[in-house]
J.: 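So that we are looking at the same thing, I have put the structure below in structure tokens.
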Amino acid sequence: MPELPEVETCVRGLRPYLVGQQILSLQVRERRLRWPIALETDRQVAGQSIRELRRRAKYLVLELERGALLIHLGMSGSLRLLPAPTPPALHDHVDLLLGNGQCLRLRDPRRFGMLQWVPAPAEAHPLLSHLGPEPLAPGFDGAYLHRRAAGRRAAVKTFIMDSEIVVGVGNIYASESLHLAGIHPNRAAGRIAAGRYHRLATAIRAVLEAAITQGGTSLRDFVQEDGNPGYFARCLRVYGRTGQPCAGCGEPIRQRRIGQRSSFYCARCQH
DNA sequence: CCGGACGCCTGTCGGC
DNA sequence: TGCCGACAGGCGTCCG
């Protein structure tokens, strides 16, 4: 999936084209996503205008006149804006037909994504109500992480990927942030000093902001809404670079599984 | 409460 | 060339 920078890139790119548009109808070709798209969704959103498009964690939130349409891209989802008559390809599951003749198309080969209408406000939805802070918003800092980590024995990488702790830090950016902060991904979260959490919070923000600036990491299934890949992939320092020299010290990058996810790190730079 | 494992899907890649 | 297992950006749920 798209991680936070990819979703943010998507939101920023789509916003000028979506805000103010009326939704004429929803065409669902495959409703079996992470959760089935409810049969009444078309009836609920048809005729409503899009008031605003924003991001919360990795959810896209289309604020409508009544309620909101939540979209999550899962591991392999993408959104594109196309002329309405464009014939759908394999895995193009949902079309949102707009008043200006455009079509917002959701493609998701693995079907881990979701699309759901909720009565306002979106934050009341059970999937959003327990989410932790946004990493790029005020209030997310080293003191917060240090406090939440107290007594935790889980690996710090697993800890920062927990969306109740902080949202939007996926598998790529968790490895990247820990490398930048000089922290070993397998270190117990509760055994890291406050000063090092300050470095980690700063690193998380820096990595995410850099990725957003670059338009999101280019990976197999991600394209921006205009179809162009992002350019952050070339900036990755450890993710997917097993055996290649660490940019800081030259030591080969190591790979191991932490919490059932591949993790990349430098054993010399990260402790 | 916490942490670890599992499952949901399809596509791709490397090894034999 | 073909087959088969491992693995891929997420995350809710279950179990101990």
Side-chain angles (χ1 to χ4, degrees), chain A residues 1-10 29-37 55-60 70-79 89-94 106-116 125-132 135 147-178 185-191 204 207-208 211-212 214-224 229-236 238-243 255-264:
Chain A
M1 154 196 159
E3 296 199 22
L4 183 149
E6 286 78 8
V7 178
E8 182 65 27
T9 299
C10 198
R29 285 174 288 271
E30 172 59 81
R31 53 183 75 252
R32 295 174 301 165
L33 303 187
R34 179 72 168 83
W35 287 278
I37 300 173
R55 177 189 60 74
R56 171 65 174 127
K58 296 171 189 169
Y59 293 90
L60 290 100
L70 291 181
I71 297 175
H72 196 292
L73 299 175
M75 293 271 261
S76 58
S78 61
L79 287 169
L90 189 64
H91 305 309
D92 286 345
H93 303 313
V94 183
L106 173 65
R107 175 183 160 86
D108 186 4
R110 292 176 72 179
R111 292 194 272 122
F112 287 173
M114 71 95 97
L115 182 148
Q116 207 169 321
H125 191 282
L127 292 174
L128 276 70
S129 61
H130 299 292
L131 293 176
R147 177 166 56 80
R148 293 298 305 269
R152 296 241 188 178
R153 282 168 294 176
V156 63
K157 176 164 180 277
T158 306
F159 173 71
I160 61 172
M161 289 179 68
D162 181 344
S163 65
E164 294 196 19
I165 300 301
V166 58
V167 301
V169 183
N171 201 37
I172 294 178
Y173 299 111
S175 279
E176 293 297 312
S177 302
L178 288 163
N186 206 36
R187 175 167 287 271
R191 300 195 57 203
I204 288 171
V207 167
L208 294 176
I212 291 168
Q214 296 291 318
T217 306
S218 175
L219 285 166
R220 193 175 303 133
D221 298 318
F222 176 71
V223 288
Q224 291 177 48
Y231 291 95
F232 192 68
R234 67 184 69 166
C235 303
L236 296 178
V238 289
Y239 186 86
R241 298 179 60 94
T242 311
Q255 175 178 0
R256 64 184 286 189
R257 287 189 89 73
I258 298 174
Q260 286 81 241
R261 308 300 296 277
S262 278
S263 307
F264 304 85

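So that the names make sense, note that chain A is the first sequence line, chain B the second, and so on, each numbered from 1.
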J.: Establish, with yes or no, whether the OP1 or OP2 oxygen of C/dC11 is under 4.0 angstrom from a side-chain nitrogen or oxygen of A/Lys58.
T.: yes
J.: Rounding to an integer number of Å, can you tell me how far A/Arg32 CZ sits from B/dG7 C1'?
T.: 16 Å
J.: Take atom CD of A/Glu30 and atom P of B/dC8, then tell me their distance rounded to the nearest Å.
T.: 16 Å
J.: Applying the 5.5 Å / 30° rule, does A/Phe112 stack onto the base of C/dC11?
T.: no
J.: Go through C/dG9, B/dG11, C/dG10 for me and flag the one nearest to the A/Pro109 side chain.
T.: B/dG11
J.: Could you tell me which nucleotide pairs with B/dT12 by Watson-Crick or G-U wobble geometry, both distances under 3.5 Å, or answer none if nothing does?
T.: C/dA6
J.: Taking only the side-chain nitrogens and oxygens of A/His91, find out if one of them lies under 4.0 Å from OP1 or OP2 of B/dT10.
T.: no
J.: A/Gln255 and side-chain hydrogen bond (donor to acceptor under 3.5 Å, both in side chains): which partner among A/Ser175, A/Ser262, A/Ser263?
T.: A/Ser262
J.: Run A/Phe112 and A/His72 through side chain to side chain contact (heavy atoms under 4.5 Å, CB included) and show every step you take.
T.: CA-CA 8 Å; A/Phe112 287 173; A/His72 196 292; over 6 Å; no
J.: Judged by atom type as modelled, is there a donor-acceptor pair below 3.5 Å linking the side chain of A/Arg29 to the main-chain atoms of A/His91?
T.: no
J.: Using a heavy-atom cut-off of under 4.0 Å over every strand shown, decide if A/Phe159 touches base, sugar-phosphate, or nothing.
T.: nothing
J.: Starting the side chain at C-beta, find the nucleotide from C/dA8, C/dG12, C/dG10 nearest to A/His72.
T.: C/dG10
J.: Please confirm whether the shortest side-chain N or O distance from A/Arg257 to OP1 or OP2 of C/dA8 is below 4.0 Å.
T.: yes
J.: Which of the following nucleotides, C/dG12, C/dG10, B/dA5, is nearest to the side chain of A/Gln260?
T.: B/dA5
J.: Mind calculating the distance between CZ (A/Arg107) and P (B/dG11) to the nearest angstrom?
T.: 9 Å
J.: What is the distance, rounded to the nearest whole Å, between atom CZ of A/Arg110 and atom C1' of B/dC9?
T.: 7 Å
J.: Any donor-acceptor pair, under 3.5 Å, between the side chain of A/Arg111 and the base of B/dC9, if you only look at N and O atoms?
T.: no
J.: Check whether A/Arg55 reaches the backbone of A/Ala57 with its side chain - one donor and one acceptor, N or O, closer than 3.5 Å.
T.: yes
J.: Can you work out whether A/Ala150 or A/Gly259 has the more 5'-proximal nearest nucleotide on DNA chain B?
T.: A/Ala150
J.: Of the nucleotides C/dG9, C/dA8, C/dG12, which one has an atom closest to the side chain of A/Trp35?
T.: C/dG12
J.: Look at A/His130 and C/dG12 and indicate whether a side-chain polar atom (N or O) is within less than 4.0 Å of OP1 or OP2.
T.: no
J.: Rounding to a whole Å, what distance do you find between A/Phe264:CZ and C/dC7:C1'?
T.: 10 Å
J.: Would you mind telling me which of B/dC2, C/dA8, C/dG9 lies closest to the side-chain atoms of A/Arg261?
T.: C/dG9
J.: More than 12 non-hydrogen atoms from neighbouring residues, nucleotides or ligands closer than 6.0 Å to CZ on A/Arg191, yes or no?
T.: no
J.: Grab the CG-C1' distance between A/Asp108 and B/dC9 for me, whole Å please.
T.: 9 Å
J.: Tell me whether the OP1 or OP2 atom of C/dG9 has a side-chain N or O from A/Tyr173 closer than 4.0 Å.
T.: no
J.: State whether the side chain of A/Glu3 and the backbone N or O of A/Ile172 hold a donor-acceptor pair below 3.5 Å, judged by distance alone.
T.: yes
J.: For atom P, what is the distance between B/dC9 and C/dC3, given to the nearest Å?
T.: 24 Å
J.: Looking for any heavy atom pair under 4.0 Å, which part of the strands does A/Ser262 touch: base, sugar-phosphate only, or nothing?
T.: sugar-phosphate
J.: Could you tell me the separation between the CD atom of A/Gln255 and the C1' atom of B/dG14, rounded to a whole number of Å?
T.: 14 Å
J.: For A/Ile258, report the nucleic acid contact type (base, sugar-phosphate, nothing); a contact means any heavy atom under 4.0 Å.
T.: nothing
J.: Write down the partner of B/dC2 under the Watson-Crick or G-U wobble criteria, each distance required to be under 3.5 Å.
T.: C/dG16
